[in-house]
Amino acid sequence: MSGPLPQATDRPGFRASFDQLRRAQKTRKGVPLYLLYVNRPAGRAVAAALRPTRVTPNQVTWAGAALTYGALVWLALWAQPGPAAALTGVLLAAGYVLDSADGQLARLRGSSSAYGEWLDHVLDNGRMTVMHVAVFCFLARTTDYDVVLLALACGVFLLASSLIFFGGVLFDQLARNARTNPGPADAAGGRFAPAGAPAAGTPAAGAPQASADRRLLLRSVVMLPVDYGITCLAFLLVPAPSAFLAVYLVLAAAHVVIGAAFMRHWRSKLLRLS
């Protein structure tokens with residue numbers, strides 16, 4: 001979790017708050033394009049607008065969860081194919097914006113907390129389960145597809161997305177712990193690079209910036225299929241269940257392939273930290 005931003009003595013306006021967040025934004029490395037260019041800026045705008053209000057970051061978290069979980073419960077139990085069903089995608093995308101805004105608002109106010117980060121991760125993890133259960137219920141209610149095959153497709157998508165999410169969170173925590181508590185090999189200048197040294201695969205100082213930017217952009221494009229925002233947009237196709245299912249299956253396959261690549265990458269990194 002990012003630390004709080006420096007607090008000004010006076011109360012900055014929307015533009016000052018927005019620019020402050022933009023300058024202190026998280027790393028762009030490996031961030032999917034939708035998150036980088038759509039969701040983070042939208043969350044930044046919401047956080048900047050809420051800064052002078054009494055709305056707390058945790059209230060923003062709960063508001064986003066209400067939009068997300070409410071939309072999915074409606075999809076599972078009552079939605080029918082038709083234009084109104086596209087509202088599911090709109091509400092999911094709006095909930096994703098608030099999911100970005102809560103942490104940015106906390107950083108603006110210097111009120112980041114362990115509980116807030118825990119709550120955010122718990123709700124995010126639960127969201128994945130509810131989403132794929134809702135998809136199964138909707139398609140089972142409104143189409144004639146074999147329910148066993150639908151359950152298999154939704155289960156595979158759920159498994160892959162859960163492994164990517166939980167595996168990534170745990171990998172980051174273990175990597176931070178290793179950097180905070182180096183072993184004897186690190187203290188002796190052995191296995192790990194010293195603080196401030198470029199990581200393996202990182203362009204050295206003086207390397208062409210344009211080449212580094214192109215690699216970052218390519219990675220962001222490759223990561224698009226596993227961006228939760230793209231999954232949200234896929235729900236705009238819910239009015240046409242056959243088209244929605246086709247896109248859903250493509251995204252499920254992408255999660256499996258990219259998830260397998262992540263697992264191999266994380267395993268390699270963690271073995272080197274052992």
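- Across Ala175 and Leu273, no two heavy atoms sit closer than the pair CA-CD1, 4.0 Å.
- One side chain, Arg51 or Gln20, offers a donor N or O that lies under 3.5 Å from an acceptor on the other.
- When the shell of 6.0 Å around CG of Asp144 is examined, it contains 12 or fewer heavy atoms from other residues, nucleotides or ligands.
- A distance of 4.0 Å separates CE of Met263 from CG of Leu163, quoted to the nearest 0.5 Å.
- With sequence neighbours excluded, the residues that form a side-chain hydrogen bond (donor to acceptor under 3.5 Å, both in side chains) with Arg22 are Asp19.
- Between Val73 and Trp78 the shortest side-chain heavy-atom distance falls below 4.5 Å.
- When hydrophobic clusters are built by joining Ile, Leu, Val, Met, Phe, Trp and Tyr residues whose side-chain heavy atoms come closer than 4.5 Å, directly or via intermediates, Tyr34 is grouped together with Leu236.
- Leu50 and Phe14 fall into different hydrophobic clusters, where Ile, Leu, Val, Met, Phe, Trp and Tyr are joined by side-chain heavy atoms under 4.5 Å apart, directly or via other members.
- Residues Val46 and Leu98 form a side-chain contact, since some pair of their non-hydrogen atoms from C-beta on lies under 4.5 Å apart.
- Cation-pi contact between Arg267 and Phe262: absent, since separation from the ring centre below 6.0 Å together with deviation from the ring axis within 45° is not met.
- Following chains of ILVMFWY side-chain contacts shorter than 4.5 Å, one cannot reach Val133 starting from Phe157, and the two form parts of different hydrophobic clusters.
- No donor-acceptor contact under 3.5 angstrom links the side chains of Tyr96 and Asp124, judged on distance only.
- A donor-acceptor pair under 3.5 Å links the side-chain atoms of Gln59 to the main chain of Thr56, judged by distance alone.
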>> Walk me through whether Tyr228 and Asp99 qualify under side-chain contact (heavy atoms from CB on, under 4.5 Å).
In response: CA-CA 11 Å; Tyr228 174 73; Asp99 185 46; over 6 Å; no
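- Across every non-hydrogen atom of Leu75 and Val238, the tightest pair is CD1-CG1, 3.8 Å.
- For Ala234 against Leu251, the heavy-atom pair with the smallest separation is CB-CD1, 3.9 Å.
- In this structure, the separation between CG on Asp120 and OG on Ser100 is 9.5 Å, given to the nearest 0.5 Å.
- Side-chain contact between Arg127 and Leu123: absent, with no pair of heavy atoms (C-beta onward) separated by less than 4.5 Å.
- Annotation: His132 is in aromatic contact with Tyr248 [ring centroid separation under 6.0 Å].
- A donor-acceptor contact closer than 3.5 angstrom links the side chains of Tyr145 and Ser242.
- Between Pro81 and Pro239, the shortest heavy-atom distance links the atoms CB-O, 3.7 Å.
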> Does the side-chain contact (heavy atoms from CB on, under 4.5 Å) test come out yes or no for Val55 and Val60, once each step is laid out?
Replying inline: CA-CA 7 Å; Val55 176; Val60 175; 3.7 Å; yes
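- Considering only heavy atoms from C-beta on, Pro57 comes within 4.5 Å of Arg109 through its side chain.
- Between Cys137 and Leu77, the closest side-chain pair of non-hydrogen atoms is not below 4.5 Å.
- Once rounded to the nearest 0.5 Å, the distance linking CG of Leu150 with OG1 of Thr143 reads 5.5 Å.
- At a threshold of 4.5 Å between side-chain heavy atoms, the hydrophobic network of Ile, Leu, Val, Met, Phe, Trp and Tyr places Val250 and Leu237 in two separate groups.
- At least one side-chain heavy atom of Leu152 sits under 4.5 Å from a side-chain heavy atom of Val156.
- Under a cut-off of 6.0 angstrom, the local environment of CH2 in Trp74 is crowded, with over 12 non-hydrogen atoms contributed by other residues, nucleotides or ligands.
- In this structure, Asp227 CG and Ser220 OG are separated by 9.5 Å, a value rounded to the nearest 0.5 Å.
- A 4.5 Å side-chain heavy-atom check between Leu174 and Leu270 finds at least one atom pair inside the cut-off.
- In the hydrophobic clustering of this structure, Val97 groups with Tyr37; members are Ile, Leu, Val, Met, Phe, Trp, Tyr whose side-chain heavy atoms approach within less than 4.5 Å, directly or through other members.
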>> Go through it in stages, so that I can follow the logic: the residues are Leu33 and Met223, the test is side-chain contact (heavy atoms from CB on, under 4.5 Å), and I'd like the CA-CA distance, side-chain angles, deciding distance and then a yes or no.
In response: CA-CA 8 Å; Leu33 287 181; Met223 291 290 292; over 6 Å; no
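- Atoms CG and CG, from Leu67 and Leu91 in turn, are 6.0 Å apart once rounded to the nearest 0.5 Å.
- Side-chain contact between Met131 and Thr68: absent, with no pair of heavy atoms (C-beta onward) separated by less than 4.5 Å.
- Aromatic ring orientation, Phe171 versus His265: tilted (interplanar angle from 30° to 60°).
- Ser113 and Glu117 share no donor-acceptor pair across their side chains, judged by distance under 3.5 Å alone.
- Heavy-atom minimum distance, Leu249 versus Ala153: CD2-CB, 3.7 Å.
- Heavy atoms only, all atoms of each residue included: Ala47 and Ala101 are closest at CB-O, 3.8 Å.
- Formation of a donor-acceptor pair under 3.5 Å by the Ser161 side chain with backbone atoms of Leu158 is found in this model.
- One side chain, Ser268 or Arg272, offers a donor N or O that lies under 3.5 Å from an acceptor on the other.
- Between atom CG of residue Leu72 and atom CE of residue Met128 there is a gap of 12.5 Å, rounded to the nearest 0.5 Å.
- Looking only at distances, no side-chain donor or acceptor of Ser162 sits under 3.5 Å from a matching main-chain atom of Leu159.
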